Amino acid sequence: MITGAGVFPVVPALRAIAYRLPEGDEASRDEGEPAMFAVVYRWRLREGKEQQFAEGWRRVTEAIHARCGSYGSRLHRADDGTWVAYARWPDAESRERCAVPDPEGVALMSGAIAERFPETRLQIVEDLLAEPPAP
């Protein structure tokens, strides 16, 4: 486990070492198909700081969607008490280029984090997630 006040594992807050597909995997995708990329983040929050964290997360997520081209994120509370976010990007390079678009949002998140776990970088192989119709 990694502890500390940081929101994301690498500074600046939204930069990280990109996941690279092994040699030859690029050719296995259909031509024109994006190299979908996802990241799972996990934190343990300071007691009583859940709303502050959620507000910071919302601000940061909206900013990276608007300014960096991410496909957005989902925030979850796990049954073990940790908080988990899943974020999708067109590709790892888009995430690498994304600087901190909302420093105040990052500060809100950082102030609420008691413990940060290593991120998990994912290559999307199949995507069968279906969104329910809007109410």
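Model, not experiment: these values are computed from the prediction.
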Quiz item: Cluster question for you: counting only ILVMFWY and a side-chain heavy-atom cut-off of under 4.5 Å, with indirect links fine, are L108 and L75 together?
Solution: no
Is there a side-chain contact between [X] and [Y] (heavy atoms, below 4.5 Å)?
X: Q52; Y: E55; answer: no
X: R88; Y: I124; answer: yes
X: L122; Y: V39; answer: no
X: R116; Y: Y41; answer: no

Nearest-0.5 Å distance, [atom1] of residue [X] to [atom2] of residue [Y]:
X: C68; Y: E96; atom1: SG; atom2: CD; value: 12.5 Å
X: E62; Y: S70; atom1: CD; atom2: OG; value: 10.5 Å
X: W83; Y: M109; atom1: CH2; atom2: CE; value: 10.5 Å
X: I64; Y: C98; atom1: CD1; atom2: SG; value: 5.5 Å

Practice problem: Apply side chain to side chain contact (heavy atoms under 4.5 Å, CB included) to H65 and Y71, showing your working. | Solution: CA-CA 6 Å; H65 177 69; Y71 294 140; 5.6 Å; no
Exercise. Could you give me the CA-CA distance, side-chain angles and deciding distance for R44 and F117, then say whether side chain to side chain contact (heavy atoms under 4.5 Å, CB included) is met?
Key: CA-CA 8 Å; R44 188 170 313 284; F117 298 88; 3.8 Å; yes
Self-check item: Qualifying residues under side-chain contact (heavy atoms from CB on, under 4.5 Å), relative to E104, sequence neighbours excluded
Solution: R59, D102
Quiz prompt | Test salt bridge (Lys or Arg N to Asp or Glu O under 4.0 Å) applied to D79 - qualifying residues, sequence neighbours left out | solution = none
Practice problem: Please identify each residue that fulfils salt bridge (Lys or Arg N to Asp or Glu O under 4.0 Å) with E131, with sequence neighbours left out. | Solution: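 With neighbours one apart ignored, the set is R74.
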Listed partners of [X] passing side-chain hydrogen bond (donor to acceptor under 3.5 Å, both in side chains), at least two apart:
X: T120; value: none
X: W57; value: T61
X: S94; value: D91, R97

Exercise. Taking atom types as modelled, find out whether T82 and R42 have a side-chain donor-acceptor pair closer than 3.5 angstrom.
Key: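 A pair is found: one side chain offers a donor N or O, the other an acceptor, under 3.5 Å apart.
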Quiz item: Quick check: does any side chain N or O of H76 sit under 3.5 Å from a backbone N or O of V84, one acting as donor and the other as acceptor?
Solution: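 No; judged by distance alone, with no hydrogens or angles, the pair does not exist.
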Exercise. Show your reasoning for whether side chain to side chain contact (heavy atoms under 4.5 Å, CB included) applies to L45 and I113.
Key: CA-CA 4 Å; L45 303 183; I113 296 171; 4.2 Å; yes
Exercise. Dump the intermediate steps for salt bridge (Lys or Arg N to Asp or Glu O under 4.0 Å) on R95 and E119, then the final yes or no.
Key: CA-CA 13 Å; R95 180 174 179 246; E119 70 179 38; 2.8 Å; yes
Quiz prompt | Ring center gap for F53 and W43 short of 6.0 angstrom | solution =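 Yes, ring centres under 6.0 Å apart.
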